[in-house]
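These figures come from a predicted structure and were not determined experimentally.
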Amino acid sequence: MTTVPPPAAPAPEPTSPVQAGALRDGALPPVEEVRPGVWTLAVPFRSGVPDATLVYVIEGTDGTVTLLDPGWSAADDLTALREGLAATGRSLDEVGLVVVTHLHADHLGAAAAVRRATGARVAMHRADVDALRHEGADAAANDADIASWGLPGHLRAGVVAAWGSGRRIGLGRTTEPYADLLLDDGDALPIAGRDIRTLHTPGHTAGHSCFVDEGDGLLFTGDHVLPRINSGIGLGGRTSTNPLGDYLASLRRLDRYADLEVCPGHEYRFRDVVTRARTLARHREERSRHVAAALDTLHEPTLFEVATRVPFSGGIESMTGFLLASALTQTAYHAALLGRAGEVRPA
């Protein structure tokens, strides 16, 4: 998840005032029952930090419990999950399935620890499993990209550490097998008595998936659509397609789910996913216009020079490490989607 300023359009109204109030106050929201047998609880990113992943607890008719995005775990500490489950009247021992929207550590991080503690199966889209298996090779290949960006010398080491050969997208919190159940678009989750379907929404990562529960009127969106944050693009390893194009197409896939309540991976629940998705698409279109204007103005610029003309939060000059690398790769995605990648000069 990459935080950037929200677009000019207002953020959607929360359907959970409690979650919105906690976000405003910098506190963790309490456990809430979203529907009969469906709860949400918050797991902080790390000790003492109020930012959190919203974990969804789904009860099957056979009494087993599914965790959707179990959140972050350091040193196999599952205290937040145990306490949250206890507040729903359930326990970690009853968990039989862990479903993950995407491979980032604040969503996938606790999955291996839950599997070790309970024997639960882990389910994730196969494209993100492949990305984890290739993360070492992908990170090393990124070094060549970084060398071509025209970065000022004092910024290169930090970018290589965060995005190149030093990068680990799983942050060391994942182990083989990364998933026991490989998901594809349209697959039903094996939860007794419920029909929850996989909706492949690549862009944030190659395998990012939302999950559709039309019976309960819920759409679990992970980091694909959040109420106030514009999620980063292409943050799951190297792909054969343009993650920006994938993301825009994935936003359009949400048009048929306008009536569902959105259960995102962070912040708060809300409605009208279509309006929010269109706002996010307009933000990307505006970014493309800035990239096009830079290419119109500059003569054979480096990627860094193009990015200096794009209004990132605080300006590209204020960025280092992961944020800087993400901004530069997104600039490259925009140039490629415009059909103008050849106008950017390798340093």
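- Leu54 and Trp72 are members of different hydrophobic clusters when ILVMFWY side chains are connected at heavy-atom separations under 4.5 Å.
- Classification of Asp296 and Arg309 as a salt-bridged pair fails, no side-chain N sitting under 4.0 Å from a carboxylate O.
- To the nearest 0.5 Å, atom CG of residue Asp223 and atom CG of residue Leu235 are 9.0 Å apart.
- Checking each of Asp51, Asp69, Asp106 against His266 for a side chain to side chain donor-acceptor pair (under 3.5 Å) leaves exactly one that passes, namely Asp106.
- Residue Asp180 places its CG atom among more than 12 non-hydrogen atoms of other residues, nucleotides or ligands, all under 6.0 Å distant.
- Counted within 6.0 Å of CZ on Arg256, heavy atoms from surrounding residues, nucleotides or ligands total 12 or fewer; the atom is thus considered open.
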TODO: Any chance you could lay out the salt bridge (charged side-chain N to carboxylate O under 4.0 Å, His left out) test for Asp195 and Arg197, step after step, and finish with the verdict?
DONE: CA-CA 6 Å; Asp195 184 13; Arg197 299 279 169 171; 2.7 Å; yes
Task: side-chain hydrogen bond (donor to acceptor under 3.5 Å, both in side chains) assessment of His290 paired with Glu286 - done: CA-CA 7 Å; His290 285 289; Glu286 179 67 16; 3.1 Å; yes
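- Sparse packing is recorded around CZ of Arg121, with 12 or fewer heavy atoms of other residues, nucleotides or ligands lying under 6.0 Å away.
- Note: His107 and His102 have tilted aromatic rings, judged against thresholds of 30 and 60 degrees for the angle between ring planes.
- Of the N and O atoms on the side chains of Asp145 and Ser148, not one donor lies less than 3.5 Å from an acceptor on the other residue.
- Note on Asp259 versus Arg271: no salt bridge recorded, every NZ/NE/NH1/NH2 to OD/OE distance being 4.0 Å or above.
- Between the side chain of Ser250 and the backbone N or O of Pro202, at least one donor-acceptor pair lies under 3.5 Å.
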- [ ] Walk me through it: do Thr279 and Arg282 pass the test side-chain hydrogen bond (donor to acceptor under 3.5 Å, both in side chains)?
- [x] CA-CA 5 Å; Thr279 297; Arg282 285 195 298 272; 3.2 Å; yes
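- Not less than 6.0 angstrom separates the ring centroid of His204 from the ring centroid of His224.
- Under the 3.5 Å distance criterion, the side-chain polar atoms of Asn242 are matched with a main-chain donor or acceptor of Leu244.
- Ring planes of Phe220 and Tyr56: perpendicular class, angle over 60° (limits at 30 and 60°).
- Using a distance-only test at 3.5 Å, with no hydrogens or angles considered, a donor-acceptor pair links the side chain of Asp185 to the main chain of His200.
- Note: Arg90 CZ to Arg82 CZ = 15.0 Å, rounded to the nearest 0.5 Å.
- When the side chains of ILVMFWY residues are joined at heavy-atom separations under 4.5 Å, either directly or via intervening members, Leu324 and Trp149 end up in a single hydrophobic cluster.
- Shown are Glu13, Glu32, Glu33; of these, the salt bridge (charged side-chain N to carboxylate O under 4.0 Å, His left out) with Arg269 is made only by Glu32.
- Under a 4.0 Å N-O distance rule, the pair Glu343/Arg340 qualifies as a salt bridge.
- Linking ILVMFWY residues whenever their side-chain heavy atoms come closer than 4.5 Å, directly or via other members, leaves Ile191 and Leu81 in distinct clusters.
- Between the NE2 atom of His299 and the CD atom of Glu305 there is a distance of 11.0 Å, given to the nearest 0.5 Å.
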TODO: Applying salt bridge (charged side-chain N to carboxylate O under 4.0 Å, His left out), run through Arg167 and Asp143 and close with a yes or a no.
DONE: CA-CA 10 Å; Arg167 185 183 182 195; Asp143 286 352; over 6 Å; no
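- A side-chain donor-acceptor contact under 3.5 Å links Thr198 to the backbone of Asp187.
- The aromatic rings of Phe322 and Trp163 are tilted relative to each other, their planes meeting at an angle between 30° and 60°.
- Residues Ile196 and Val34 fall within the same hydrophobic cluster, defined by Ile, Leu, Val, Met, Phe, Trp and Tyr side chains chained together at heavy-atom separations under 4.5 Å.
- With rounding to the nearest 0.5 angstrom, the OH atom of Tyr247 is 15.0 Å from the OG1 atom of Thr241.
- Side chain of Asp25 to backbone of Ala22: no donor-acceptor contact under 3.5 angstrom is found.
- Of the listed residues (Thr118, Leu85, Ile58), just one forms a side chain to side chain contact (heavy atoms under 4.5 Å, CB included) with Val65, and that residue is Leu85.
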- [ ] Output, in order, the C-alpha distance, side-chain angles, deciding distance and verdict of side-chain hydrogen bond (donor to acceptor under 3.5 Å, both in side chains) for Thr64 and Asp62.
- [x] CA-CA 6 Å; Thr64 60; Asp62 60 356; 2.8 Å; yes
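- Counted within 6.0 Å of CD on Glu317, heavy atoms from surrounding residues, nucleotides or ligands total more than 12; the atom is thus considered enclosed.
- Neither Phe211 nor Leu260 shares a network with the other; the hydrophobic side chains, linked directly or stepwise wherever heavy atoms of I, L, V, M, F, W or Y lie under 4.5 Å apart, form separate groups for each.
- To the nearest 0.5 Å, atoms CZ (Phe312) and CZ (Arg287) are separated by 4.5 Å.
- Looking at Arg276, its side chain never comes within 3.5 Å of a backbone N or O of Val225 through a donor-acceptor pair.
- With hydrogens and angles ignored, the 3.5 Å screen pairs a side-chain donor or acceptor of Asp128 with a backbone N or O of Leu103.
- For the atom pair OG1 of Thr239 and CG of Asp138, the computed distance is 9.0 Å after rounding to the nearest 0.5 Å.
- Each of Leu323, Leu151, Val310, Val306 was compared with Leu328 under the side chain to side chain contact (heavy atoms under 4.5 Å, CB included) criterion, and only Leu151 meets it.
- One N or O on the side chain of Asp77 and one on the backbone of Thr79 form a donor-acceptor pair closer than 3.5 Å.
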